[in-house]
S.K.: 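Quick one: structure below, then a few questions.
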Protein chains: 2
Amino acid sequence: MRIGNTHFRSIWLADDPGVVRVIDQRKLPFEFELMELTSLDDACYAISDMVVRGAPLIGVTAAYGLYLAALKSQAKNWCDELKAAADKLLATRPTAVNLKYALDLGLAELNCTGTREGMIDRLFHLAMALAEEEVKRCRMIGEHGVDLITECYEKKKAPVNILTHCNAGWLACVDYGTATAPIYKAHDEGIPVHVWVDETRPRNQGARLTAYELGEHGVAHTVIVDNAGGHLMQEGMVDMVIVGSDRTTRNGDVANKIGTYLKALAARDNNIPFYVALPTSTIDMNLSHGREIEIENRDAEEVSHMPGWDDEQMKSSRVRVLPSGSDIVNPGFDVTPSRLVTKLITEKGLCPATEEAIRELF
Amino acid sequence: MRIGNTHFRSIWLADDPGVVRVIDQRKLPFEFELMELTSLDDACYAISDMVVRGAPLIGVTAAYGLYLAALKSQAKNWCDELKAAADKLLATRPTAVNLKYALDLGLAELNCTGTREGMIDRLFHLAMALAEEEVKRCRMIGEHGVDLITECYEKKKAPVNILTHCNAGWLACVDYGTATAPIYKAHDEGIPVHVWVDETRPRNQGARLTAYELGEHGVAHTVIVDNAGGHLMQEGMVDMVIVGSDRTTRNGDVANKIGTYLKALAARDNNIPFYVALPTSTIDMNLSHGREIEIENRDAEEVSHMPGWDDEQMKSSRVRVLPSGSDIVNPGFDVTPSRLVTKLITEKGLCPATEEAIRELF
């Protein structure tokens, strides 16, 4: 999508095929910097230090990381080197499902009796194909989801107000995003949309990334604190909610960024449709119920310290926002029960959040 | 209540009766500073800039403000001056009903044919009496509300987990607080309690003030982001919710800090009692429904800039947390419909959130 007048993806191969470029997402929205990845270590650092984040983008970065490792591998023991490289990449973010998916595909390409050159070529094509696959899935989510926005606009004849939580945007993917894909598609087709962007404490991915994305692409949006969405719904200022998902169980329960459940409750209480946009790869058919999803407890510093931009000193900074003696807990996700989900928006089409309907997708 | 080993109220008259002292709540919990109010303008500034905040404390501050205006009034046109002073005070914060209540009482004392000295004396006594009245009401709220905690403890035989939103503590009142009064009472009686403290974006009154209050008084507590409460309720980690109110209509609809409604929805969805602790002065019998309550839209900077403490530079600082080009809206309150309120906890006793029951209180 656009940043300024330039079209960007979140990861791409430079003219020099030994260089992969990514946007340093740690610095957004205050500084726009590209980072060049030219080695396995660069790729590992980019993932573990959250230069790149978002499950789909992590997977694609890992695939490129394996390719970069192959490029620099020794002529003799390249096969062992690549197995070690995959292990190293896998250890960067142990919980990310897409990381394992990408590396499993990479390891399946390892033919240790073949040539090193052939291997480099196959890993190159795998990384490129994975990136394209992510782009295509998101584009298809957009194509299916845009109808919901168009229908709303045709009824309302006024800009469609969409609330979203966290960043399920193109920065988390490769292009388009998941929750944002229908929004970008509607915007690009000339349907007037306006997005309520939940700040999304504690890491502020909404305020930092979703607001940035939408602003750069020219989509009208307003940042609100996470507390405000219910009130806006009561006031008739929200036409629909679209969020992403980190993992959805086969009965349609949706694990997503902490706070999603509260917005789903408010949407239900105000008869507002609540949509979850996700590639079918996010649906975990092995889990029958959201209760089975383990919720990650994250670092207390995410709550106690707020990073941002010091306008006076013109640099990144952070402030502590509570007394140093207070305890903190920081669950990273919550589970929205399927009964609160109006529809899933997948690359294969819209789907009720029921086990029967989800099984039909596969 | 206690700060360190000293007992404090949130507002008091200095030895010099021309000086009213308040704790500068903008600086808590990082710096403890008192501010002296010696004029109407000081009082207006203290209210509008949130040196003092919380409906009961705002009311008492307004009463002292009127007294300070009387002290400095001209010998000739003091009556007109005081009417103008009341108007100026009333304009500082539109949602808090206690402000209007205090000023109406003050204006009722205006006897324009009497002496200026008599007037000063009456406004002095009014302010002192209002402060005492708030203290007494909060103490009574604690006495009625503690039974709910005790009952829960007797059933559970384990610490009672209470979630609260914003700061309805003694800092918002004069002493004890409203939502916190039953908690302090339980704690002081040896009932084990643990409080989940919502951060309460955008101004972080939970993280900054409630956590500070509870910590200074020795009450076990854990700060969470506003997004986390629903998840904790789903996990069985919340036994009850107690919040305050800025204005409650005669049918039991509760205006309180933005985000309260979301917690009420989650409490209902998980069969957790949702209590609203409030003095009956917060009940606006003139309003029949929450829809009639004017919701204050506050400054965008509260959302865009996060104040806190710079641990490195050891000073207060603030960081911008979103792109400078993004729009912001910042509603200060929301309305929790009476159907989601389990009970009101008032100084006159517990009461269902219905018009019939509320009328019986008066």
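So that the names make sense, note that chain A is the first sequence line, chain B the second, and so on, each numbered from 1. Since we're looking at a predicted model, the values are computed, not measured.
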S.K.: Checking heavy atoms, do the side chain of B:P331, its backbone, both or neither come under 4.5 Å from chain A?
M.R.: side chain
S.K.: Which pair of non-hydrogen atoms, one from B:R320 and one from A:F30, has the smallest distance, and what is that distance?
M.R.: O-CZ, 3.1 Å
S.K.: Hey, which of A:V303, A:V329, A:L232 has the most heavy atom pairs under 4.5 Å with chain B?
M.R.: A:V329
S.K.: Who among A:V197, A:D198, A:N204, A:D226 has the most heavy-atom pairs with chain B under 4.5 Å?
M.R.: A:D226
S.K.: Please classify the contact between B:E199 and chain A as side chain, backbone, both or neither, with a heavy-atom cut-off of under 4.5 Å.
M.R.: side chain
S.K.: Would you name the heavy atoms of B:P202 and A:V225 that are closest together and state the gap between them?
M.R.: CB-CG1, 3.7 Å
S.K.: Measure from the side-chain N and O atoms of A:D24 to the backbone N and O of A:R26, and report whether any donor-acceptor pair falls under 3.5 Å.
M.R.: yes
S.K.: Could you have a look at A:I328, A:D334, A:T200 and say which one has the most heavy-atom pairs with chain B under 4.5 angstrom?
M.R.: A:I328
S.K.: Please examine the side chains of A:F8 and A:M1, heavy atoms only from C-beta on, and report whether any two atoms are closer than 4.5 Å.
M.R.: no
S.K.: Less than 4.5 Å to any heavy atom of chain A: does that hold for the side chain of B:P323, its backbone, both, or neither?
M.R.: both
S.K.: For a quick test of reading the model, state the closest non-hydrogen atom pair linking B:R298 to B:G332 and the distance between them.
M.R.: CD-CA, 4.3 Å
S.K.: Measure distances from B:L209 to the heavy atoms of chain A and classify the residue's part below 4.5 Å as side chain, backbone, both or neither.
M.R.: neither
S.K.: I want to check a possible cation-pi pair here: A:K263 against A:F274, using under 6.0 Å from ring centre and within 45° of the ring axis as the test.
M.R.: no
S.K.: What part of B:Q313 lies closer than 4.5 angstrom to a heavy atom of chain A: side chain, backbone, both or neither?
M.R.: side chain
S.K.: Before giving the answer on salt bridge (Lys or Arg N to Asp or Glu O under 4.0 Å), spell out for B:E213 and B:R208 the whole-Å C-alpha distance, their side-chain angles and the decisive distance to 0.1 Å.
M.R.: CA-CA 9 Å; B:E213 269 196 21; B:R208 293 173 71 100; over 6 Å; no
S.K.: If you compare all heavy atoms of B:P29 against all heavy atoms of A:L322, which two are closest, and at what distance to 0.1 Å?
M.R.: CG-C, 4.2 Å
S.K.: B:H231 and A:Y261: ring pair (Phe, Tyr, Trp, His ring centres under 6.0 Å), yes or no, with the steps?
M.R.: CA-CA 8 Å; B:H231 171 68; A:Y261 166 55; 8.8 Å; no
S.K.: Select all residues of residues 158-172 of chain B having any heavy atom within less than 4.5 Å of some heavy atom of chain A, and report them by number, or 'none'.
M.R.: B:H165
S.K.: Quick check on the interface: out of B:A228, B:G215, B:A300, who has the most heavy-atom pairs with chain A under 4.5 Å?
M.R.: B:A228
S.K.: Can you tell me which portion of B:Y212 sits under 4.5 Å from chain A's heavy atoms? Options are side chain, backbone, both or neither.
M.R.: both
S.K.: Taking the cut-offs as 6.0 angstrom to the six-membered ring centre and 45 degrees off its axis, would you call B:K27 and B:F32 a cation-pi pair?
M.R.: no
S.K.: Quick check on B:R339 against chain A: is it the side chain, the backbone, both or neither that has a heavy atom closer than 4.5 Å?
M.R.: side chain
S.K.: Please classify the contact between B:D311 and chain A as side chain, backbone, both or neither, with a heavy-atom cut-off of under 4.5 Å.
M.R.: side chain
S.K.: Among A:I295, A:T222, A:D310, which residue forms the greatest number of heavy-atom pairs with chain B at distances under 4.5 Å?
M.R.: A:T222
S.K.: Within the 3.5 Å criterion, strictly below it, is a donor on B:R53 or B:Q205 matched to an acceptor on the partner's side chain?
M.R.: no
S.K.: Where is the tightest heavy-atom contact between A:H221 and B:S326, given as atom of each residue plus distance?
M.R.: NE2-OG, 2.7 Å
S.K.: Strictly distance-based, threshold 3.5 Å: is any side-chain N or O of A:N227 a donor or acceptor partner for the main-chain N or O of B:R201?
M.R.: yes
S.K.: Most heavy-atom pairs under 4.5 angstrom with chain A, which of B:M233, B:M306, B:E302?
M.R.: B:M306
